[in-house]
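Please read the structure below before turning to the comments.
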Amino acid sequence: MAKENRKETPIIDENEVIKRKKEKIVQLKELGVNAYANGVAPDTTTEKVIALYKDEPLEALKTPGGREKHSIAGRVVALRVMGKLAFARIKDEAGSLQVAFTRDTMGEDFYKLFKKSCDIGDIIWVEGEVFVTRTEELTLLVDKFTLLTKSIRPLPEKFHGLTDKELRYRQRYLDLIMNDEVKKSFVTRTKIVKFIRNFMDEHDFLEVETPMLHPLVSGAAAKPFETHHNALDMKLVLRIAPELHLKRLLVGGMGKVYEINRNFRNEGISVKHNPEFTMMEFYWPYATYEDMMLFTEKMIAKLAEEITGSTQVVYQEKTIDFSAPWKRMTVEESLIEAGVVTKDALKDESALKEIAKTKGISADKIEKMSRFKVMMELFDEVVEPTLWNPTFITKYPSEVSPLARRSEDDDDYTDRYELFMAGREIANAFSELNDPAVQLAVFQQQAEAKQGGDEEAFDMDVDYIRALEYAMPPAAGQGIGIDRLVMLLVDAPSIRDVILFPHMRPE
RNA sequence: GGGUUGGUAGCUCAGCUGGUAGAGCAUCUGACUUUUAAUCAGGUGGUCGCGGGUUCGAACCCCGCCCAACUCACCA
């Protein structure tokens with residue numbers, strides 16, 4: 001049953017501190033100080049100021065005077081007032097810099113106004129020249145100061161900062177103010193996406209955008225979010241995958257295409273799952289899944305090196321070796337290698353089921369499964385968590401691969417692989433199924449499964465079959481989970497650490 | 001959805017066997033011209049997640065609910 005998200009009356013919490021700060025804004029207004037000023041811009045950043053003086057001898061900088069003036073703007077994150085001298089730390093988008101306010105430099109009245117108006121958390125603009133303090137810290141000696149924006153909410157404590165994970169995710173803005181490494185992770189995320197985009201562009205892939213609102217469920221095995229179009233009075237679902245639209249573009253002769261955007265799946269939330277996640281999906285005409293493996297290991301190894309400086313990347317205290325070539329095994333080989341099954345047992349449904357039971361997979365679940373499904377269950381349960389270095393697992397059964405091309409030599413299997421790293425799936429790829437008759441048969445099976453209560457089964461997509469009937473060139477396609485890839489490269493334990501505003505229940 | 005742990009001041013956390021709700025930082029007042037977790041003196045600040053119950057008395061015990069983290073299930 002749907003829960004009512006909106007509360008009766010929106011109430012913003014207020015305490016004594018906030019009340020006082022609000023009153024202060026009124027007092028400042030009476031003194032002619034605008035607590036929400038604008039039109040005053042800095043001419044540089046803290047980072048640039050520091051870079052400018054980093055080679056100057058410290059001794060010379062200890063005496064103030066005669067140097068160029070710089071203006072910076074940012075948030076006051078620390079303030080130490082000692083009578084007629086005050087130090088503040090100003091944080092801007094690039095970093096932070098200590099600034100000093102003195103009565104002698106600013107004049108008595110102006111200094112008093114500064115003391116009265118400026119508090120921790122406020123956003124201010126200052127101008128002055130640099131000097132170096134006794135403790136040899138580069139500091140801007142302020143002669144001009146403008147309060148830009150008052151903060152009326154107290155910042156978290158300076159020593160411990162903001163550590164409560166719930167608050168950090170809910171109030172990401174505050175997390176960004178207090179925890180510098182957060183911004184770093186998200187800047188890296190952007191670099192990763194940019195790298196991938198450049199890599200695709202350099203290899204002549206065309207970036208496209210396909211619909212997020214779908215009339216049908218297709219492209220993956222997942223439960224969708226449902227929504228409603230009012231004017232058309234029709235049910236729509238948020239896409240679980242862009243696959244079938246991108247393949248329609250292959251039919252249309254668009255050539256190599258890719259899309260980097262969100263998918264939505266109405267499933268559990270975990271350290272590896274967010275209801276909306278970013279996928280890079282691409283399709284490559286006249287290529288096979290084997291071409292795709294070479295392309296992928298080249299791209300990701302180069303990406304790892306570009307981002308971290310090495311193909312050896314430490315994730316959660318264990319090293320992942322991204323250097324190509326990557327290990328390749330079939331699903332069946334991986335099960336044999338892991339010592340889970342023998343070659344003979346793989347062909348024997350009841351033997352497989354017995355083994356599955358010993359691996360803690362529920363007997364009820366196994367009973368209804370085919371040999372191939374039990375095999376995949378065993379793989380997911382036993383092998384997947386052990387695949388730490390990048391590994392391509394190939395030869396997935398046709399039964400669990402509704403959109404992949406059946407292998408030439410055995411149509412129980414497909415020309416498909418999944419890529420695993422750090423014990424998790426990062427990508428899924430295959431040579432594409434382009435035989436409309438086979439695809440239609442698969443859709444019919446899926447539609448029956450859906451009738452039978454399988455909530456993750458596809459809808460029949462008649463237009464897609466029609467498109468295939470016009471002929472889709474042989475092609476390989478792949479989807480890469482961007483959030484998960486970012487997690488590995490920024491050493492994030494949870495997907496929430498690489499999503500700016502992860503999904504949370506309302507407060 | 002199940003299990004475990006947690007929710008006490010704006011933040012970080014104490015709070016014993018049920019007996020008047022605490023500290024540090026922030027905030028307010030005062031002192032202070034080289035601090036950087038500044039320091040010193042004094043003050044303000046609480047729906048103890050929410051709702052019931054037990055009890056002379058509940059932050060603490062019991063029941064229900066909400067939220068989160070971790071974990072399992074599901075999934076990429």
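Note on naming: letters A, B, ... go to the chains in the order of the sequence lines (proteins, then strands), and numbering restarts at 1 for each one.
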When the P atoms of B:rA14 and B:rG6 are considered, how many whole Å apart are they?
11 Å
Between the main-chain N or O of A:Met369 and the side-chain N or O of A:Lys353, is there a donor-acceptor pair closer than 3.5 Å?
yes
Check every atom of B:rC67, B:rC70, B:rC11 against the side chain of A:Leu167 and return the nucleotide holding the closest atom.
B:rC11
Is any side-chain nitrogen or oxygen of A:Lys21 closer than 4.0 Å to OP1 or OP2 of B:rU27?
no
Is the phosphate of B:rA68 approached by A:Arg505 (side-chain N or O, under 4.0 Å from OP1 or OP2)?
yes
OP1, OP2 of B:rA69 versus side-chain N and O of A:Arg496: anything below 4.0 Å?
yes
Can you list the steps and then say if A:Arg170 with A:Glu166 is a salt bridge (charged side-chain N to carboxylate O under 4.0 Å, His left out)?
CA-CA 6 Å; A:Arg170 282 193 197 284; A:Glu166 179 177 357; 3.0 Å; yes
Picking from B:rU35, B:rU33, B:rA76, the nucleotide nearest the side-chain atoms of A:Phe277 would be B:rA76
Where the side chain of A:His160 is defined as all heavy atoms beyond and including C-beta, which of B:rA76, B:rU12, B:rG43 is the nearest nucleotide?
B:rU12
Does A:Thr163 place a side-chain N or O at less than 4.0 Å from the phosphate oxygens OP1/OP2 of B:rU12?
yes
For B:rA38 and A:Arg80 - does any side-chain N or O of the residue sit under 4.0 Å from the phosphate oxygens OP1/OP2?
yes
Would you mind classifying the nucleic acid contact of A:Tyr111 as base, sugar-phosphate or nothing, using non-hydrogen atoms under 4.0 angstrom?
nothing
Ignoring hydrogens and geometry beyond distance, is a side-chain donor-acceptor pair present between A:Arg80 and A:Gln98 at under 3.5 Å?
yes
